[in-house]
Asker: 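Following this message is one structure expressed as structure tokens.
Order of appearance sets the numbers: ligands from 1, and atoms from 1 within every ligand. All values reported here derive from a predicted model rather than from experimental measurement.
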Amino acid sequence: MKQDNIRLGVNIDHVATLRNARGTFYPDPLEAAKIVMESGADGITAHLREDRRHINDDDIKNLKTKQKLPLNLEMAVTVEMQKIAIETLPNAVCLVPEKREERTTEGGLKVKENLDNLKSFIFPLKSAGIRISLFIEPDMMQIKAAKEVGADIVELHTGHFCDLFEKSMVKEYTNYLKKLEDASKYASYLGLEVHAGHGLTVNSVKHLRELHQIRELNIGHSIISDSIFIGLGSAVKRMKKMINGDR
Ligand code: PXP
């Protein structure tokens with residue numbers, strides 16, 4: 001049976017990382033978002049971190065008002081971010097755990113351990129019409145808790161799978177893929193939309209095609225890295241082709 005295409009959300013944080021490395025005004029994440037759209041991506045993802053190490057508040061405003069793709073705002077569970085989200089009204093918010101000293105998002109959100117806090121955090125965001133995604137490990141208890149707190153989407157953390165894949169640990173990554181598959185099926189059974197992301201490359205992403213419940217992949221670092229050699233438009237087109245194969 002022909003499957004629906006998996007949507008590609010491109011995370012453009014690292015365009016801002018490059019800009020901020022020199023304190024210049026270029027390269028501009030908004031310009032990147034426009035190329036990403038012209039190249040067939042389905043959404044823009046950006047992480048407004050507490051320390052603003054890459055994307056900043058103006059970027060978020062521009063990405064919401066000056067380009068047309070749906071914006072998925074990744075953010076920590078803080079009062080400051082909640083206020084920004086309600087002012088900006090992105091299409092979706094993806095709640096992630098955040099530690100200042102980490103290089104990138106390590107691990108998934110502990111939903112089961114913070115049920116009440118998350119429920120009250122999510123309520124005003126949902127009331128403002130924002131879809132809620134929770135970035136979690138492929139763990140059944142966390143998925144069940146995501147449903148309980150009112151999430152619309154779970155984004156399954158693929159970082160561990162990608163580490164095993166990059167180290168060519170075939171047995172281990174195959175087992176982990178099964179874990180991602182079981183998690184996707186369970187989340188979908190509960191009525192949650194399933195997304196996935198973190199660490200994916202044109203090589204590792206092929207394996208996720210077989211997980212039929214996945215509706216969207218959010219990919220950043222490898223696309224922006226590939227764009228140095230082949231250009232952003234080509235990197236997006238190539239990734240889009242890889243995630244869907246002959247669907
Ligand atoms: N999804 C989430 C929730 C993330 O935090 C990140 C990294 O910001 C990504 C996807 C994209 O990961 P990567 O840049 O490794 O492709």
Asker: Using ring pair (Phe, Tyr, Trp, His ring centres under 6.0 Å) as the criterion, list what pairs up with F165, not counting sequence neighbours.
Answerer: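 Listed in chain order: Y173, H207.
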
Asker: Quick one: which ligand 1 atoms are inside 4.0 Å of a heavy atom on E74?
Answerer: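 So the atoms of ligand 1 that pass are 1 (N), 2 (C), 3 (C), 4 (C), 5 (O), 6 (C), 8 (O), 9 (C), 10 (C).
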
Asker: Counting heavy atoms only, which part of H14 comes closer than 4.0 Å to ligand 1: side chain, backbone, both or neither?
Answerer: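 It is neither; nothing of H14 touches ligand 1.
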
Asker: With only distance considered, is H47 within less than 3.5 Å of ligand 1 through an N or O on each side?
Answerer: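 No, H47 has no N/O under 3.5 Å of an N/O on ligand 1.
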
Asker: Going by the atom numbers of ligand 1, which of them fall below 4.0 Å from some non-hydrogen atom of V96?
Answerer: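 Near V96, meaning under 4.0 Å from one of its heavy atoms, ligand 1 has 3 (C).
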
Asker: T45 and N72: side-chain donor and acceptor closer than 3.5 Å?
Answerer: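 Their side chains do contain a donor-acceptor pair, which is all the 3.5 Å distance test asks for.
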
Asker: Taking distance alone, with no angle check, do H221 and ligand 1 share an N/O pair under 3.5 Å?
Answerer: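 Among all N and O atoms of H221, at least one is under 3.5 Å from an N or O of ligand 1.
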
Asker: Given Q142, which partner from the list E113, H157, K110 fulfils the side chain to side chain donor-acceptor pair (under 3.5 Å) test?
Answerer: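 The passing option is E113.
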
Asker: Hey, does S222 sit under 4.0 Å from ligand 1 if you only count heavy atoms?
Answerer: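 The answer is no, since S222 has no heavy atom less than 4.0 Å from ligand 1.
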
Asker: Just wondering, are more than 12 heavy atoms of other shown residues or ligands nearer than 6.0 Å to NZ in K83?
Answerer: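 No, the 6.0 Å shell around NZ holds no more than 12 heavy atoms from other groups.
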
Asker: Only counting residues at least two apart or in another chain, list the ones meeting side-chain hydrogen bond (donor to acceptor under 3.5 Å, both in side chains) with N56.
Answerer: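 So N56 forms no side-chain hydrogen bond (donor to acceptor under 3.5 Å, both in side chains) with any residue.
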
Asker: Any N or O on G220 sitting closer than 3.5 Å to an N or O of ligand 1?
Answerer: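 Among all N and O atoms of G220, at least one is under 3.5 Å from an N or O of ligand 1.
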
Asker: Kindly compute the distance separating CD1 (I12) from CG (L63), expressed to the nearest 0.5 Å.
Answerer: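 The CD1 atom of I12 sits 4.5 Å away from the CG atom of L63.
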
Asker: Check ligand 1 against N218 and write out every atom of the ligand that is under 4.0 Å from a heavy-atom position of the residue.
Answerer: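 Checking each atom against N218, I get 10 (C), 11 (C).
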
Asker: Can you find an N/O atom of G199 closer than 3.5 Å to an N/O atom of ligand 1?
Answerer: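 Yes, there is a polar N/O contact under 3.5 Å.
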
Asker: Pick from H54, H14, H198: which one makes a ring pair (Phe, Tyr, Trp, His ring centres under 6.0 Å) with H221?
Answerer: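 Only match with H221 under ring pair (Phe, Tyr, Trp, His ring centres under 6.0 Å): H14.
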
